[in-house]
Amino acid sequence: MPELPEMEAWRRQLSDPVSAFPIAKAGPAHIATLKTFNPPVSALEGRRFRGAARRGKRLLFPTDDGELTLMVHLMTAGRLKSLRAGESGPKTPAFALEFVGGSKLVLTEAGKKKRAGVWLLSPQAANEELAHLGPEALGLDTAELGEILRRESRRLHPLLRDQRALAGIGRAWANEILHAAKLSPYALSTDLTDAEVDRLAAAMNAELQRGLALRERSTSDERTYRVHKKLGEACHVCGTPLAQVDFEEHTIYYCPNCQTGGRVLKDRRLSRLLR
Ligand SMILES: [Zn+2]
């Protein structure tokens, strides 16, 4: 799933092309992709976007008259593409916008399950849709992160991925950040020392910035991640083979030397926890 670095790189790429021309035609939209029907997407026609904004993992395209906001959540398999006039695109996009002059913005989704979503909202309704999100993960300082960690005792990996606590991090960057911070994915948030909170805040900002810089150069997953999905590969810090553990419905990757003091973490699958 694209996370903060990927979405922010897309936001920067899309902001100019989506605001260059007014919208000529809004749609077609797959019935499962378009989550709102009032106002209809045709209400976008004739209006122009002010650019692209982002909140957590969602992209927002506000119209320059201040009346409407198009919100996009790509979930796992959704992808956005800006097409120049005449450039060929996917035959059946999940959602498409055509601009005056012929350029397009298209959303595609691999696989049969349509999980990505597009919402057309008033600015107030958009604010309500986003109100549950915690602060942006990129730019959080030690004091702000410390307050989030100490609110309740939770394991670090699921806490970092909880968009209500802080917005923008998913499985991949939680793996990268916890490795950079040399913290166990299973460590309890309230057990962290001040020095560890400081290290986690620094690692979070450094890793999200590193990811953003790489994604702006369209770097592949393989070359962007150093821990995520690298089972058995040598840790880039200490050379120990990286390990994986199943936690609830996710697979976590970590270095058993850098992060858990040599301890191998035990699986805690949701199916087993529920038994
Ligand atoms: Zn290591």
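Count residues from 1 along the sequence. Basis for what follows: all heavy atoms, side chains included, without hydrogens, waters or symmetry-related copies. In listed order, ligands and their atoms are each counted from 1.
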H179 and C235, any side-chain heavy atoms less than 4.5 Å apart: yes

Donor-acceptor pair, [X] side chain versus [Y] backbone, under 3.5 Å?
X    : Y    : result
S15  : A52  : yes
E176 : R226 : yes
R215 : T219 : yes

Protein N/O/S count near the Zn ion (ligand 1) (criterion: distance under 2.8 Å):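 Protein N, O or S neighbours of the Zn ion (ligand 1) under 2.8 Å, waters not counted, come to 4.
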
Pi-cation contact, F247 with R268 (under 6.0 Å, within 45°): no

Over 12 foreign heavy atoms within 6.0 Å of CZ, R150: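 Enclosed.
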
